[in-house]
Amino acid sequence: MKPSNMKPSNEAIVAALRQLVAYTKLEDGQSQSFRTRAYDKAIDAINAAPNDVADMSLSELKAIEGVGDSTARKIIEFVERGSISKIDRLKQRFPPTMLELMKIPGLGPKTVVALQDHLGVVDLAGLRRAIANEQLRTLPGLGKKSEEKIAHSIELLGIHSDETRTPIFDAMRIATRVVNDLSRCDAVSQIAYAGSLRRLSETIGDIDILTTTDDPETVLETFTSLAGVTTIMGSGDTKASIVIDDAIQVDLRVVSDAEFGAALLYFTGSKGHNIELRQRALGRGLTLNEYSLSQIDDGAVVAAATEESIYEALGLPWITPELREGIGELTIAEAGLLPKPVVPKMLRGDLHVHTDWSGDGRSTLDEMLQAVTDRGLEYVAITDHGEDLAMNGLSRERVREQQAAIDAARKRYPLLTVFHGAELNIGPDGTVDYDPEFLEVFEFTVASIHSHFDLDPDAQTARLIAAVENPAVNVIGHPSGRKIGARPAIRFDVEAVAEAAADAGTALEINSHLQRLDLSATNLRTVLGIEGLMFAISTDAHHTSELDNITWGTAQARKGGVPIERVVNSLPIREYMAWMAQKRGRSEG
DNA sequence: GCCGTTTTCGGCCCGACTGTTTTCAGTCG
């Protein structure tokens with residue numbers, strides 16, 4: 001590869017290190033050598049790094065926990081040359097197609113290397129031929145059954161591979177359905193989803209579900225015969241794996257009630273977090289597995305029923321699942337420096353809500369105000385689209401009509417403060433709908449990007465900063481414009497925008513929709529240090545049911561490490577109004 | 001390959017399932 005002027009992104013560096021892991025597995029002939037585990041840990045650390053790793057010096061890289069001298073040098077080599085010599089060397093020995101073979105479920109490095117050594121098979125076509133010729137069963141350790149299993153796995157290829165991780169929005173829908181369906185089984189006592197879904201990862205490999213029961217057989221049988229099951233990957237006494245809707249693998253694990261906490265902790269992960277917890281346990285004469293935290297010497301159970309009790313026994317506060325990435329959160333937690341997790345009941349208002357006054361809203365103004373009241377909120381901003389969004393937006397005349405409608409509605413909801421707002425549309429040049437005089441009609445606005453997603457980074461940054469500095473704008477809605485799995489984020493300098501926002505008294509939105517989760521957790525961590533920057537956790541609800549998406553917005557705030565003090569819609573109404581007034585006061589002065 | 005309230009060498013988390021073994025290896029999470 002030729003060196004390029006563009007420095008590689010953290011994602012590109014991680015991709016290179018993942019290649020390194022795969023080739024090293026082949027070289028070591030095992031899936032878990034200490035070397036590959038070390039690389040894996042470095043990958044986790046870089047994934048979590050808020051800044052560009054490509055800009056770092058050797059000593060800065062080595063200062064990252066989990067990155068040592070060897071990996072740091074490989075990263076620098078990749079940044080400077082565009083490739084890593086160890087990978088180049090291993091490619092000579094193992095053709096890249098062998099990496100594809102390792103993605104087939106059931107085929108690990110040992111078997112893939114055996115295929116090359118004994119049969120000269122290095123790619124999928126060769127593997128298919130070998131299976132057709134019944135050659136696989138001649139390999140040491142393999143038999144007829146293994147050959148058939150691998151043949152079946154090839155048909156399922158893709159379901160398990162890295163490229164087909166499912167966006168969290170889709171995975172959550174399936175998980176919710178499976179949890180609901182399985183809950184109807186009388187033998188099920190407790191049930192919860194765990195894994196990367198519970199950690200609020202943006203994309204999900206497998207869905208992990210945990211149940212407690214005293215009748216595992218019935219639960220497992222019910223699980224493998226659920227509606228939508230297209231393949232049963234395996235089933236034992238305590239766990240089973242299925243593929244549902246031909247779309248995603250779902251793993252079920254069954255334990256007893258007394259073991260629920262230990263099992264939930266174990267299956268929530270991440271793997272790195274679990275390893276650090278177990279190491280910590282060992283240091284205290286304890287051992288941790290999916291059943292309990294126990295004494296090593298006599299096996300006496302110390303804690304098992306709840307996650308809280310296990311963390312406590314390890315000298316730690318409970319750590320919110322979204323932060324369990326094995327990237328130093330244990331150290332921060334032990335020092336008492338983790339922010340108190342943001343939860344929905346800490347929020348007093350929702351600052352981004354649509355009604356059927358704009359074309360895409362599906363609930364009436366009254367339905368929304370009633371639903372907001374029912375959820376115990378003290379204030380809400382009705383933010384239907386501005387006129388620039390041709391399909392959905394409100395003309396000036398309609399804005400005036402809505403103002404009257406909201407005035408009338410306020411009498412019906414005396415306990416609720418209703419702001420007549422708008423979701424303005426940020427044009428390619430950073431200007432918004434209407435004109436400055438007319439914008440004074442609104443008591444509050446959120447401004448968002450809905451088009452021109454492919455401008456160059458400088459233009460996008462300037463565009464967002466112009467909106468941030470607009471005196472009529474209070475919040476920037478879904479700042480990156482991404483839709484997970486469907487549309488990439490716009491390219492922009494999030495730090496520059498956030499600094500401008502802090503200066504201007506404009507908040508950045510944490511959009512709660514599972515397709516958005518925008519700002520991303522990575523972006524949040526990047527801008528968290530900017531003094532005075534505030535966030536608004538908003539639902540962007542287009543229907544009353546979507547007000548419950550606040551669950552995900554708060555989870556995203558937790559994942560980004562945002563403390564509640566930085567969330568404007570947690571403020572009591574008077575303080576919140578003072579925050580809004582400060583913006584207008586500042587712009588006039 | 002990483003790392004240091006046992007440390008710069010010698011350790012490194014834990015268990016289920018499957019198929020091939022008759023006590024275990026490979027794979028997976």
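Proteins come first, then strands; the chains are lettered A, B, ... in the order of their sequence lines, and each starts at number 1.
Per the geometry, CG belonging to A:Leu265 stands 14 Å off P belonging to B:dC14, to the nearest Å. Distance NZ (A:Lys62) to P (B:dC2): 9 Å, rounded to an integer number of Å. Atom pair A:Asp208:CG and B:dC28:P shows a separation of 15 Å (rounding to whole Å applied). As rounded to whole Å, 14 Å separates atom C1' of B:dT6 from atom CG of A:Leu282.
Across all strands shown, A:Gly66 has heavy atoms under 4.0 Å from sugar-phosphate atoms exclusively, and none from any base. Looking at heavy-atom distances under 4.0 Å, A:Glu276 makes no contact with the nucleic acid at all. Across all strands shown, A:Thr287 has heavy atoms under 4.0 Å from sugar-phosphate atoms exclusively, and none from any base. When heavy atoms are screened at a 4.0 angstrom cut-off, A:Leu277 is found touching no nucleic acid atom at all. Residue A:Asn274 is classed as having no contact, given no heavy-atom separation below 4.0 Å to the nucleic acid. Base engagement by A:Tyr266 is indicated by at least one non-hydrogen atom pair under 4.0 Å involving a base atom. Backbone-only engagement by A:Arg253 is indicated by non-hydrogen atom pairs under 4.0 Å involving sugar-phosphate atoms exclusively.
Comparing B:dG1, B:dC14, B:dC12 against the side chain of A:Gln279 picks out B:dC12 as the nearest.
Separating the P atom of B:dT5 from that of B:dG1 is a span of 23 Å, rounded to the nearest Å. Straight-line distance between the P atoms of B:dG11 and B:dA16: roughly 26 Å, to the nearest whole Å.
Residue pairs satisfying the side-chain hydrogen bond (donor to acceptor under 3.5 Å, both in side chains) criterion with at least one member in residues 320-330 of chain A, sequence neighbours excluded, are listed as follows: A:Arg199-A:Glu325, A:His273-A:Glu329, A:Glu307-A:Arg324, A:Tyr311-A:Arg324, A:Thr320-A:Glu322, A:Thr320-A:Arg558, A:Glu322-A:Arg558, A:Glu325-A:Lys559.
Within residues 292-316 of chain A, no residue places a heavy atom under 4.0 Å from DNA chain B.
Contact check, A:Lys74 against B:dG1: a side-chain N or O comes under 4.0 Å of OP1 or OP2.
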Evaluation steps, salt bridge (Lys or Arg N to Asp or Glu O under 4.0 Å), between A:Asp245 and A:Arg173: CA-CA 12 Å; A:Asp245 297 351; A:Arg173 240 186 346 207; over 6 Å; no
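With a 4.5 Å cut-off on side-chain heavy atoms, A:Gln19 and A:Pro96 do not count as touching.
Closest-nucleotide positions on DNA chain B for A:Glu290 and A:Gly29 were compared, and the one nearer the 5' end corresponds to A:Glu290.
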Summary of protein contacts for nucleotides 17-24 of chain B, nucleotide by nucleotide, where a base hit scores B, a sugar-phosphate-only hit scores S (4.0 Å, heavy atoms): SSSS----
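Remark: ring of A:Phe34 overlaps the six-membered base ring of B:dC12 in a stacked fashion, centroids less than 5.5 Å apart, planes less than 30° apart.
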